Undergrad: 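Dropping the structure in here first, questions after.
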Amino acid sequence: MFNGRLKQQLAEMQDELSSTRQIKDSLYSEMLVLEFDPEGRVRFANDNLLEALRYRREALIGRALDELIPDSFRSHPNHPALLKALRNPEHWSGAFRLLCGDGNESGCAPSGSRSTTVLANCSTSRSAPTT
């Protein structure tokens with residue numbers, strides 16, 4: 001009886017994990033995804049983000065978030081909120097800007113973010129950022 005209950009619980013947990021993985025895979029295939037390590041450095045960027053923001057993977061992985069924030073966004077009220085949310089395990093929503101691999105800026109609106117992962121939709125400005 002005890003063993004049967006454990007097997008049932010294990011099967012339920014495996015189903016739940018499978019469902020969660022499917023949801024994550026779906027989001028990661030359709031959204032722009034940027035993940036940070038606990039020190040605030042990029043640990044993962046999906047192909048959608050690399051293409052949209054015109055980065056090569058090796059040029060982005062390991063960079064600190066602060067290096068990706070354009071000067072035009074640093075005085076915005078969402079800047080400290082974004083940094084705080086990525087340092088602490090909390091949900092955050094609000095527009096932000098990132099530097100693209102070609103030096104332009106991209107305005108982003110997160111569709112979801114939790115602690116160290118940002119799922120976003122971004123649109124790129126073709127004007128060069130001010131220095």
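Just so you know, these numbers use all the heavy atoms, side chains as well, and skip hydrogens, waters and symmetry mates. This is a predicted model, so every value here is computed, not measured. We're numbering straight along the sequence, starting at 1.
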Undergrad: For the CZ atom of R41 and the CZ atom of F36, what is their distance to the nearest 0.5 Å?
TA: 11.0 Å
Undergrad: For E58, is the CD atom crowded, meaning more than 12 foreign heavy atoms sit under 6.0 Å from it?
TA: yes
Undergrad: Once you round to the nearest 0.5 Å, how far does CD of Q14 lie from CD of E12?
TA: 11.0 Å
Undergrad: Would you give the length of the straight line joining atom CZ of R57 to atom CG of N46, rounded to the nearest 0.5 angstrom?
TA: 8.0 Å
Undergrad: Can you measure from NE2 (H79) to CG (D66) and round to the nearest 0.5 angstrom?
TA: 5.5 Å
Undergrad: CG/D15 to CG/L10 distance, rounded to the nearest 0.5 angstrom?
TA: 9.5 Å
Undergrad: Any side-chain to backbone donor/acceptor pair from D37 onto R43? Under 3.5 Å, distance only.
TA: no
Undergrad: Where do R97 and G107 come nearest, in terms of heavy atoms and distance?
TA: NH1-CA, 3.4 Å
Undergrad: List the atom of H76, the atom of P80, and the distance in Å for their closest heavy-atom pair.
TA: O-CD, 3.5 Å
Undergrad: I need the minimum non-hydrogen distance between L99 and E105, along with the two atoms involved.
TA: CD2-CG, 4.1 Å
Undergrad: Kindly compute the distance separating CG (L68) from CG (L34), expressed to the nearest 0.5 Å.
TA: 7.0 Å
Undergrad: Got a sec: does the CD of E51 have more than 12 other heavy atoms crowding it under 6.0 Å?
TA: no
Undergrad: Please name the pair of heavy atoms, one in I61 and one in A45, separated by the smallest distance, quoted to 0.1 Å.
TA: CD1-N, 4.0 Å
Undergrad: Do I69 and L82 come close enough that some side-chain heavy atom pair is under 4.5 Å?
TA: yes
Undergrad: Determine whether a donor-acceptor pair (N or O, by modelled atom type, separation under 3.5 Å) exists between the side chain of T20 and the backbone of E16.
TA: yes
Undergrad: Within a strict 4.5 Å, meaning less than it, do heavy atoms of the L32 and N48 side chains meet?
TA: yes
Undergrad: So, do F73 and L98 sit near enough that their side-chain heavy atoms are less than 4.5 Å apart?
TA: no
Undergrad: Check S72 against S75 and note the closest heavy-atom contact, atom names and distance.
TA: O-OG, 4.5 Å
